[in-house]
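For reference, the structure discussed in these notes is given below.
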Amino acid sequence: MELKDIFFNKELTTSKNELNKIEKELLDPLAVNLTKCVKWAYLDGLSDSKSELYPIAVVGEGKPLLLLHGFDSCFLEFRRLTPLLKDKFMLIIPDLFGFGFCPRPKHTEYGIDSIITHLKKILEVLNINSNVSLVGASMGGGIAIKLAREIPKTINKLLLLSPAGLTDPPSPIYPPFDLLGACFLKQAFVRKQLCKQAFANPKDVSAPELQIASIHTNMPGWKESLAAFARKGGISNCGLPLPKQSTKIIWGEEDRILTKSSRDKCIKLLNCSHESIPQCGHLPHIDSPYLVAKYCLEEFG
């Protein structure tokens, strides 16, 4: 498959400038390599101008495999999984709308509907309309379920990694607590604690992991888009109706983000194949990338 070059602009934009600066600062070599694979797409209906471009890391060749990151994260979340799959798949790793290094258009709603619209436009600009496999991590799992329902002829299989947002009702956060929450979430000690909580072993969280967990929060509009997302209630109740595609769930046995009750509800709701990975936290693709790559090859290969 060839990318439609007409959609990829070589001009520097605010988002591209920020990512270019960040690439020089990154401590993790895998993150640096993945950053070099980012393309910048003009998305009709989302981009306010020809210079407002959206990042999509495109790596490898083969069957298309779309990877969706979790809440308040970015495409770099898949830095450890990418080298293990790039020889078998064409990996498509976008920043979700309103997150990561995406531009934040003003007067725009930030919620799951906008995220789904963004993902549909990405597949359109890449000229992909069938045989797409889908990996969704944490919040990306709930988004994956909704996307699979909306474009069933495009998505053929799903692998969900510690999926979130499938069963819980919406919990909107209203002003002024939406902005206060975003400001709190940006504090270094908060991000450090959350990052450690996401790993099976907090001792595995070193400077590179802490950097990647926070580096996108300096993007213009980060606080405002996160607050707007909170006002919409985030990602919730995405599990029903059930998608028709084959679905598998992978859990980390040491997940300290999702409660056992949440996992049990999700398993009961989806009623699909599911497995747990020992010595693994909320991010199986970070804690156990080789096992996740194995599952991807078994499910999608």
Using the rule that two of Ile, Leu, Val, Met, Phe, Trp, Tyr join whenever any of their side-chain heavy atoms come within less than 4.5 Å, decide whether Ile115 and Val132 are in one cluster.
yes

Quick one: closest heavy-atom pair of Leu166 and Gly142, and the distance?
CD1-CA, 3.5 Å

Walk me through it: do Ile249 and Cys266 pass the test side-chain contact (heavy atoms from CB on, under 4.5 Å)?
CA-CA 9 Å; Ile249 308 175; Cys266 180; 4.0 Å; yes

Using a strict threshold of under 4.0 Å (side-chain N to carboxylate O), is an ion pair present between Lys196 and Glu209?
no

So do the side chains of Pro105 and Leu46 get within less than 4.5 Å of each other, counting heavy atoms only?
no

Flag, side chain of Thr247 to backbone of Gln245, donor-acceptor distance under 3.5 Å
yes

Side-chain donor-acceptor pair present, Ser133, Asn156, cut-off under 3.5 Å
yes

For residues Leu81 and Pro289, report the shortest heavy-atom separation together with the two atoms involved.
CD1-O, 3.5 Å

Would Glu298 and Lys294 count as a salt bridge (Lys or Arg N to Asp or Glu O under 4.0 Å) if you check the C-alpha gap in whole Å, the side-chain angles of each, and the deciding distance to 0.1 Å?
CA-CA 6 Å; Glu298 289 175 353; Lys294 176 177 173 289; 2.8 Å; yes

Please report the C-alpha distance between Thr35 and Phe75 in whole Å, then the side-chain angles of each, then the deciding distance to 0.1 Å, and finally whether the side-chain contact (heavy atoms from CB on, under 4.5 Å) criterion is met.
CA-CA 9 Å; Thr35 300; Phe75 71 96; 4.0 Å; yes

Kindly say whether Leu27 contributes a backbone atom to a donor-acceptor pair with the side chain of Gln211 at under 3.5 angstrom?
yes

Side-chain heavy atoms of Lys86 within contact of Glu61, under 4.5 Å:
no

Are the side chain of Asp168 and the backbone of Ser236 linked by a donor-acceptor contact shorter than 3.5 Å?
no

Side chain of Thr108, backbone of Lys106: donor and acceptor closer than 3.5 Å?
yes

Is there a side-chain contact between Val135 and Leu66, using heavy atoms and a 4.5 Å cut-off?
no

Transitive ILVMFWY side-chain link Leu147 to Ile128, under 4.5 Å
yes

Which residue, Asp28, Leu26, Val32, forms the side-chain contact (heavy atoms from CB on, under 4.5 Å) with Leu30?
Asp28

Please assess Lys63 against Phe300 for the test side-chain contact (heavy atoms from CB on, under 4.5 Å), listing each intermediate value before the final yes or no.
CA-CA 8 Å; Lys63 298 178 183 177; Phe300 309 138; 5.9 Å; no

Does Leu179 share a hydrophobic cluster with Phe177, counting links as ILVMFWY side-chain heavy atoms below 4.5 Å and allowing steps through other members?
no

Do the non-hydrogen side-chain atoms of Ser225 and Phe229 ever get within less than 4.5 Å of each other?
no

Using modelled atom types and a 3.5 Å cut-off, is there a donor and acceptor pairing between side-chain atoms of Ser288 and backbone atoms of Leu291?
no

Go through the steps to decide whether Ile277 and Ile250 satisfy the test side-chain contact (heavy atoms from CB on, under 4.5 Å), and finish with yes or no.
CA-CA 7 Å; Ile277 299 179; Ile250 303 298; 3.4 Å; yes

If you measure from the Lys or Arg side-chain nitrogens to the Asp or Glu carboxylate oxygens, is any gap between Asp264 and Lys268 under 4.0 Å?
no

Check the pair Phe78, His69 against ring-ring contact (aromatic ring centres under 6.0 Å, His included), reporting the backbone distance first and the verdict last.
CA-CA 8 Å; Phe78 292 102; His69 65 72; 7.5 Å; no

For the student: nearest non-hydrogen atoms of Arg104 and Trp222, plus distance
NH2-CD1, 3.7 Å

Ring-plane angle category for Phe97 and His118, please: parallel below 30°, perpendicular beyond 60°, tilted otherwise.
tilted

Search all heavy atoms of Cys102 against all heavy atoms of Gly98 and return the closest pair with its distance.
CB-N, 4.3 Å

Under 3.5 Å, is there a donor on one side chain and an acceptor on the other for Thr117 and Ser114?
no

Test your reading of the model: is there a side-chain donor-acceptor pair from Glu77 to the backbone of Gly70, 3.5 Å cut-off?
yes

Is there a side-chain hydrogen bond (donor to acceptor under 3.5 Å, both in side chains) between Ser246 and Lys157? Walk through the geometry before answering.
CA-CA 5 Å; Ser246 171; Lys157 286 187 177 182; 5.4 Å; no

Taking side chain as C-beta onward, heavy atoms only, is Leu158 less than 4.5 Å from Ile155?
yes

Between Tyr110 and Glu224: side-chain donor-acceptor atoms closer than 3.5 Å
no

Say whether Phe71 and Ile116 are linked into one hydrophobic cluster, either directly or through other cluster members, by side-chain heavy-atom distances under 4.5 angstrom.
yes

Compare every heavy atom of Cys238 with every heavy atom of Arg149, then report the nearest pair and how far apart it is.
NH1-O, 2.6 Å

Does the side chain of His216 come under 3.5 Å of the side chain of Asp72 through a donor N or O and an acceptor N or O?
yes

Test item: Pro152 and Lys244 side chains (from C-beta on) under 4.5 Å apart, heavy atoms:
no

Glu150/Lys146 ion pair, N-O < 4.0 Å:
yes

Have Thr217 and Lys186 got a donor and an acceptor in their side chains that come within less than 3.5 Å?
no

Say whether, by atom type as modelled, one donor and one acceptor occur between the side chain of Ser162 and the main chain of His282 under 3.5 angstrom.
yes

Exam field: side chain Arg191 to backbone Leu185, donor-acceptor pair closer than 3.5 Å
yes

Step through the shown structure and confirm whether more than 12 heavy atoms of other residues, nucleotides or ligands are within 6.0 Å of CD on Gln279.
no

Donor-acceptor under 3.5 Å (Ser276 side chain, Gly252 main chain)
no

State, yes or no, whether a side-chain contact exists between Ile215 and Phe101 at a heavy-atom distance under 4.5 Å.
yes

Could you see if Ile151 belongs to whatever hydrophobic cluster contains Ile112? Use Ile, Leu, Val, Met, Phe, Trp, Tyr and a side-chain cutoff under 4.5 Å.
yes

Is the shortest side-chain N to carboxylate O distance from Lys232 to Asp178 below 4.0 Å?
no

How close do Ala144 and Gly136 get, counting heavy atoms only, and between which atoms?
CB-CA, 4.3 Å

Out of Lys192, Gln187, Gln193, which residue meets the side-chain contact (heavy atoms from CB on, under 4.5 Å) rule with Val190?
Gln187

Is the shortest heavy-atom distance from the side chain of Met90 to the side chain of Leu65 under 4.5 Å?
no

Under 4.0 Å between a Lys/Arg side-chain N and an Asp/Glu carboxylate O for Lys120 and Glu124?
no

Answer with yes or no after comparing the ring centroid distance for Tyr54 and Tyr42 against a 6.0 Å cut-off, counting only values under it.
no

